[in-house]
There are 2 protein chains.
Amino acid sequence: MRSPTELAQVFREKQLKLTPQRQLLFGLLHDNDSHPTAESLFEIASKQMPGISLRTIYQTLGELADMGELQLVDLGNGAMRFDPNMGEHQHFVCGSCGAIHDVDITSAPKLRAGSAEGFAVEEIGVVFHGRCDRCNRPNHGEQVSQHSKRSPGIQAKKIRQVKQASSN
Amino acid sequence: MRSPTELAQVFREKQLKLTPQRQLLFGLLHDNDSHPTAESLFEIASKQMPGISLRTIYQTLGELADMGELQLVDLGNGAMRFDPNMGEHQHFVCGSCGAIHDVDITSAPKLRAGSAEGFAVEEIGVVFHGRCDRCNRPNHGEQVSQHSKRSPGIQAKKIRQVKQASSN
DNA sequence: CTCTAATTTGCAAGTCATGCTAACTAACAA
DNA sequence: TTGTTAGTTAGCATGACTTGCAAATTAGAG
Ligand SMILES: [Mn+2]
Ligand SMILES: [Mn+2]
Ligand SMILES: [Zn+2]
Ligand SMILES: [Zn+2]
């Protein structure tokens, strides 16, 4: 995503108003690598601008995504994540603390079309699951700070979908 | 997933009842490579057993998944998919007709841990997006038979998440 | 300052999935 | 066959996340 200043420029050009709500979000998203959800942005935004609507957060995030300033990342666990990093990259999800880290694609490109027999592959999505650096350290307390409000049933087992590799 | 007969055996051993609802689902899922949703299974099941509850479909699917007979596949577009194919494989999603096809992993393993710098990768999920064989043929009518009832807003742009590869 | 089109809000509604529980029944024993 | 009962089902409520909608508000132009 571009800087708040640059975005302001773009918005003006498109006759989109530079509302305080939007400016606030520009700031919160700029260089933000936490892969926030609409809800988490709402909480933070609410501190600086009490009364801001969650609806507006969704609205603005949607606009930014439409403008190609944000990536929508669905990791299959609850809410959508918003990523201002538009560079070609993948994600690593820590099953212990829930943190989401960027992963540079190094070997991913290799799996290209080769894998899809007969189909015209345009895009490939990859999500790594495991334990992050910190959670791997001896005493880490198993603090699952990420309490995805969504129930555990099917959700918890979705990980089964991606059972593979990493072992050979 | 095992055959209905084998599953019956397993269920008996676990003191789980062999209800007609379960038996019906065993049959509908056996060798089913359509990656159905709970809803689609419900529709089909309803024809053979009017009155069956969608809740029961979810319940049974959840049990089978717990027993390791089904894979839960979340392609990030609407409802969860259920896959009786427990083999290690990936999926290709046709953006035109919505069909989901199995893809054998040939080169995917190569991207292994290498990509995740510093993290302990346990599992990797990969989803290919593109156009299927049929939809690529000259005159195909652009029939988007799959009308995912979910609105288009953010949902439609999720594909942005996986923008990469396939071009080099 | 005035006007107007864009935006924000708040709430309803929609989708997918699970929680809960009364009614039901498969399975087993008598 | 009949009774018993633990396991199931069906239905409805609830929950999480997201979007639709329209009235109220406001940024930005003139
Ligand atoms: Mn990222
Ligand atoms: Mn499959
Ligand atoms: Zn962690
Ligand atoms: Zn197709």
Side-chain angles (χ1 to χ4, degrees), chain A residues 8-9 11-26 36-43 45-46 49-66 72-82 146-158, chain B residues 8-9 11-26 36-43 45-46 49-66 72-82 146-158:
Chain A
Q9 188 61 39
F11 270 60
R12 262 189 294 268
E13 289 169 7
K14 298 192 178 185
Q15 317 225 191
L16 297 176
K17 294 178 179 176
L18 234 60
T19 66
Q21 289 88 342
R22 281 173 173 165
Q23 291 176 300
L24 171 55
L25 281 172
F26 291 172
T37 61
E39 195 71 45
S40 72
L41 284 168
F42 174 59
E43 284 173 31
S46 293
M49 186 183 287
I52 188 174
S53 168
L54 173 59
R55 190 67 187 75
T56 299
I57 305 291
Y58 272 110
Q59 191 109 306
T60 303
L61 290 173
E63 292 166 348
L64 289 172
D66 281 340
L72 299 178
V73 182
D74 181 349
L75 298 169
N77 49 28
M80 183 74 65
R81 303 286 177 155
F82 298 86
Q146 57 127 23
H147 46 123
S148 80
K149 272 170 272 183
R150 188 161 255 179
S151 28
I154 280 179
Q155 213 66 18
K157 284 162 292 178
K158 262 199 270 190
Chain B
Q9 188 61 39
F11 270 60
R12 262 190 293 266
E13 289 168 8
K14 296 192 177 184
Q15 319 226 185
L16 296 176
K17 294 179 179 175
L18 236 63
T19 66
Q21 289 88 340
R22 281 174 173 165
Q23 292 176 299
L24 171 55
L25 281 173
F26 290 172
T37 61
E39 196 75 39
S40 71
L41 285 168
F42 174 58
E43 284 172 32
S46 292
M49 187 183 286
I52 188 173
S53 169
L54 173 58
R55 189 68 187 77
T56 298
I57 304 290
Y58 272 110
Q59 191 111 304
T60 303
L61 290 173
E63 293 166 348
L64 289 172
D66 282 340
L72 298 177
V73 182
D74 181 350
L75 299 169
N77 48 29
M80 183 74 64
R81 303 287 177 155
F82 297 86
Q146 57 128 20
H147 48 122
S148 81
K149 271 170 273 183
R150 184 164 257 180
S151 29
I154 282 178
Q155 213 65 17
K157 285 163 291 181
K158 262 198 271 188

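Protein chains get the first letters and strands the later ones, always in sequence-line order, with residue 1 at the start of each. All figures in this text were calculated on a predicted structure; none of them were measured in a lab.
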Enquirer: Think Arg55(B) has a side-chain N or O under 4.0 angstrom from the OP1 or OP2 of dA17(C)?
Expert: no

Enquirer: Could you check how far CD of Glu63(B) sits from P of dG7(D), rounded to whole Å?
Expert: 12 Å

Enquirer: Tell me whether Gln15(A) at atom CD has more than 12 heavy atoms from other residues, nucleotides or ligands lying less than 6.0 Å away.
Expert: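 No.
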
Enquirer: Rounded to whole angstroms, how far apart are CG on Leu75(A) and P on dC17(D)?
Expert: 14 Å

Enquirer: May I ask you to verify if any side-chain N or O of Gln21(B) is less than 4.0 angstrom from the OP1 or OP2 atom of dA10(D)?
Expert: yes

Enquirer: Could you tell me whether the phosphate oxygens of dA17(C), OP1 or OP2, come under 4.0 Å of any side-chain nitrogen or oxygen in Tyr58(B)?
Expert: yes

Enquirer: Rounded to whole angstroms, how far apart are CE on Met80(A) and P on dT19(D)?
Expert: 7 Å

Enquirer: Between Asp66(A) (CG) and dT19(D) (C1'), how many Å, whole number?
Expert: 13 Å

Enquirer: Could you list the residues that satisfy ring pair (Phe, Tyr, Trp, His ring centres under 6.0 Å) with Phe11(B), not counting sequence neighbours?
Expert: Phe26(B)

Enquirer: To the nearest angstrom, how far is Ile57(B) atom CD1 from dT18(C) atom C1'?
Expert: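 Roughly 15 Å, once rounded to whole Å.
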
Enquirer: For Thr56(A), what residues pass the side-chain contact (heavy atoms from CB on, under 4.5 Å) criterion, not counting sequence neighbours?
Expert: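 Partners of Thr56(A) under the side-chain contact (heavy atoms from CB on, under 4.5 Å) test: Gln21(A), Ser53(A), Thr60(A).
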
Enquirer: Hey, what bend do you get for the helix from dC1(C)-dG30(D) to dA30(C)-dT1(D) if you fit axes on five pairs at each end, rounded to 10°?
Expert: 10°

Enquirer: Once each nucleotide of nucleotides 22-30 of chain C is scored for protein heavy atoms under 4.0 Å, what B/S/- sequence comes out, 5' to 3'?
Expert: ---BBS---

Enquirer: If you round to the nearest 0.5 Å, how far is CE of Met80(A) from CG of Leu75(A)?
Expert: 9.5 Å

Enquirer: For Gln15(B), which contact category applies under a 4.0 Å heavy-atom criterion: base, sugar-phosphate, or nothing?
Expert: sugar-phosphate

Enquirer: Taking only residues two or more places apart in sequence or in another chain, which ones pass side-chain hydrogen bond (donor to acceptor under 3.5 Å, both in side chains) with Arg12(B)?
Expert: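 Counting only residues at least two positions away or on another chain, Arg12(B) forms no side-chain hydrogen bond (donor to acceptor under 3.5 Å, both in side chains).
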
Enquirer: Hey, what do you get for OG (Ser46(B)) to CD1 (Ile57(B)), rounding to the nearest 0.5 Å?
Expert: 7.0 Å

